[in-house]
Amino acid sequence: MTSQSPDQPIIMPPSAARTTTLLANLAAVTSRITSATTKASLPTPPRLVAVSKLKPASDILALHDSPAGQVHFGENYTDELLAKSRLLPLTIKWHMIGGLQSNKCKALARDTRALWAVESVDSEKKASLLDKGWSERKPEVGGQEKLRVFVQVNTSGEESKSGVEPGEEVVALCRFIVTQCPRLRLQGLMTIGAIARSKATTPENENEDFLCLKEVRGRVNKELGLEGEAQLELSMGMSSDFEGAILQGTDEVRVGTTIFGDRPPKDQATVL
Ligand SMILES: *Cc1c(COP(=O)(O)O)cnc(C)c1O
């Protein structure tokens, strides 16, 4: 049985061998998440976003239409996300986690089917454009009343990383979203962090980027008076450091390579 609707192009499932690999990889990640959650004494495991950028739609369908029923998928490129969202079932919850271009924000929010969250918001302008795009959505595109957004924070201070500087800038952007963007729901803060720190992350060695994001989260919650359900989530932890992120209390991890394997170069990636 498949959850594809009749008006969608038929996506062929991947080979049996590929499906087996994907399901085994997902099961391994899930079990590592469970162990880390127990070790950290967290009440619930974090949300797992399977990062499917540059991987074919058939891989995504194999994980979604399996007994594991993976629901959250993350993509980095607006055009690729748009194309995949049109091919795949509305029951998938899409996360845009890649760098945002202002000129694509409106279409991203307006046209992506079942868009669940945009995690890489780093300016007032982009937040406003997402807010505007969400107001122009047609009902058949799916999605809730509000679009969840995360503010991306550059916790490592590297020039190559996008995101807002931790500190007053993050507070100001969060305040702008809460007060000026009625169709957005400020869901949390996201960081990628430095690769060197990620590699050095062990249960004994806390990751400084994750510490920084936690501190900034505390500050924003306090300065904006966010309480209860409105308190901000943390989105941190990828293939090389997701267990460390769980031990530091993350609400969401974003795992790509460990589930899907190495990615092809961008010019060789195909959606179908
Ligand atoms: C690609 C990417 C990931 C996943 O990275 P892996 O190391 O493959 O797990 C997570 N978050 C962001 C923002 C990414 O761009």
Side-chain angles (χ1 to χ4, degrees), residues 21-22 24-33 36 45-56 59-60 63 70-81 84 93-101 104-105 108 112 115-123 126 130 148-156 158-164 166 170 187-202 207 209-210 212-213 233-246 248 250-269 271:
T21 303
L22 286 167
N25 290 349
L26 178 64
V29 168
T30 306
S31 113
R32 285 169 63 187
I33 290 175
R47 177 185 311 122
L48 168 62
V49 176
V51 177
S52 46
K53 62 184 177 215
L54 307 178
K55 293 290 176 175
D59 278 6
I60 298 171
L63 294 171
Q70 177 64 32
V71 170
H72 292 270
F73 289 88
E75 291 284 337
N76 278 56
Y77 310 100
T78 303
D79 298 339
E80 184 180 345
L81 171 54
K84 285 175 173 171
K93 294 180 167 143
W94 293 106
H95 295 239
M96 172 60 182
I97 62 173
L100 293 175
Q101 292 169 273
K104 294 196 173 164
C105 282
L108 169 72
T112 309
L115 181 62
W116 199 80
V118 177
E119 303 209 11
S120 34
V121 176
D122 60 359
S123 74
K126 293 175 195 175
L130 291 169
R148 294 173 184 79
V149 294
F150 292 73
V151 166
Q152 182 172 352
V153 183
N154 184 356
T155 53
S156 58
E158 294 164 293
E159 282 197 20
S160 60
K161 293 271 155 56
S162 41
V164 182
V170 180
Q187 185 82 12
L189 305 178
M190 185 272 262
T191 187
I192 297 178
I195 293 171
R197 290 181 187 165
S198 154
K199 293 209 170 114
T201 305
T202 62
N207 178 310
D209 287 302
F210 299 165
C212 173
L213 198 68
E233 292 185 352
L234 300 169
S235 171
M236 57 191 200
M238 324 201 316
S239 285
S240 53
D241 54 17
F242 69 87
E243 284 150 312
I246 296 171
Q248 289 181 246
T250 193
D251 300 283
E252 177 182 292
V253 293
R254 310 177 308 270
V255 180
T257 314
T258 308
I259 298 173
F260 293 95
D262 290 333
R263 289 179 282 271
K266 191 159 188 253
D267 60 358
Q268 283 169 36
V271 166

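Ligands are counted one by one from 1 in listed order, and the atoms in each one are counted from 1 as well.
Contact check on Lys53 versus Glu80 returns no salt bridge, with no Lys/Arg side-chain nitrogen under 4.0 Å from an Asp/Glu carboxylate oxygen.
By the salt bridge (charged side-chain N to carboxylate O under 4.0 Å, His left out) test, Arg47 is found to be paired with Glu233, Glu252, residues two or more places apart in sequence or in another chain being considered. Shown here are the side chain to side chain contact (heavy atoms under 4.5 Å, CB included) partners of Lys93, two or more places apart in sequence or in another chain: Val71, His72, Trp116. Under the rule for a salt bridge (charged side-chain N to carboxylate O under 4.0 Å, His left out), Asp241 has no partner lying at least two apart in sequence or in another chain.
For Lys84 against Ile60, the heavy-atom pair with the smallest separation is CD-CD1, 3.8 Å.
The residue from His95, Gln152, Arg148 that alone fulfils the side chain to side chain donor-acceptor pair (under 3.5 Å) condition with Glu119 is His95.
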Distances under 3.5 Å, N/O of ligand 1 against N/O of the protein: list each pair and its distance.
unit_1: ligand 1; atom_1: 8 (O); unit_2: Thr257; atom_2: N; d: 2.8
unit_1: ligand 1; atom_1: 8 (O); unit_2: Thr257; atom_2: OG1; d: 2.5
unit_1: ligand 1; atom_1: 8 (O); unit_2: Arg263; atom_2: NH1; d: 2.8
unit_1: ligand 1; atom_1: 8 (O); unit_2: Arg263; atom_2: NH2; d: 3.2
unit_1: ligand 1; atom_1: 9 (O); unit_2: Ser239; atom_2: N; d: 3.0
unit_1: ligand 1; atom_1: 9 (O); unit_2: Ser239; atom_2: OG; d: 2.6
unit_1: ligand 1; atom_1: 9 (O); unit_2: Gly256; atom_2: N; d: 2.8
unit_1: ligand 1; atom_1: 11 (N); unit_2: Arg254; atom_2: NE; d: 2.9
unit_1: ligand 1; atom_1: 11 (N); unit_2: Arg254; atom_2: NH2; d: 3.4
unit_1: ligand 1; atom_1: 15 (O); unit_2: Lys53; atom_2: NZ; d: 2.8
unit_1: ligand 1; atom_1: 15 (O); unit_2: Asn76; atom_2: ND2; d: 2.8

